[in-house]
Amino acid sequence: MKDIEVEELKSRLDKKEQFVFLDVRETYEYEDDNLGAINIPLAQLPNKLSEIEKHKDEEIIVHCRSGARSGNAKVFLESKGYTKVRNVLGGILAYRALEEDE
C-alpha cells in the first residue's frame, strides 16, 4: 500500500477515523511523546505479532521517529502477510513540525 503523509494522518486522527495505529519506537521514546498508537518497538515486533494478528487484513498505519524503523516494520509485516500496511513518511518529527506550522 501507498505510504501516508503526516497531513493525511493528522486529518484522519482529527476526524477520529478507525485504523490500526502502530508506533515502533522504543518504549522510552513513546513515553516522552506519543500520538496514542499501540507501542511495539521494532525489535520486539516479531515476538509480538500475536498482539496485532487479528488486524491482519485491516489498514495498519505504522510510525516511528523519522520513518526509517516504520519502513522496516512495513516490509516485515508485509512479509508476514499483512496487506494494508502504510508507513508515516517523516515520522513523529514531521508530524510535530506540521503542528508547529499550523
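- Side-chain contact between I60 and K84 is absent, with no heavy atoms from C-beta onward closer than 4.5 Å.
- K74 places no side-chain N or O within 3.5 Å of a backbone atom of R86 that could act as its donor or acceptor partner.
- If you take CD1 on I38 and NE2 on H55, they are separated by 5.5 Å, rounding to the nearest 0.5 Å.
- Proximity of Y95 to L13: side-chain heavy atoms (C-beta onward) are separated by under 4.5 Å at one or more points.
- A distance of 8.0 Å separates CG in D3 from OG in S70, rounded to the nearest 0.5 Å.
- The structure places CD of E102 at 9.0 Å from CD of E7, a figure rounded to the nearest 0.5 Å.
- With rounding to the nearest 0.5 Å, the separation of CZ in F21 from CG in L9 is 4.5 Å.
- Between L77 and L22 the shortest side-chain heavy-atom distance falls below 4.5 Å.
- With rounding to the nearest 0.5 angstrom, the OH atom of Y28 is 11.5 Å from the CG atom of N39.
- For the side-chain hydrogen bond (donor to acceptor under 3.5 Å, both in side chains) test with R69, the passing option among E26, E29, H63 is E29; the others fail.
- Of the possible donor and acceptor atoms, none in the side chain of K80 sits under 3.5 Å from a partner among the backbone N and O of K56.
- The backbone N or O of A37 sits less than 3.5 Å from a side-chain atom of Y30, completing a donor-acceptor pair.
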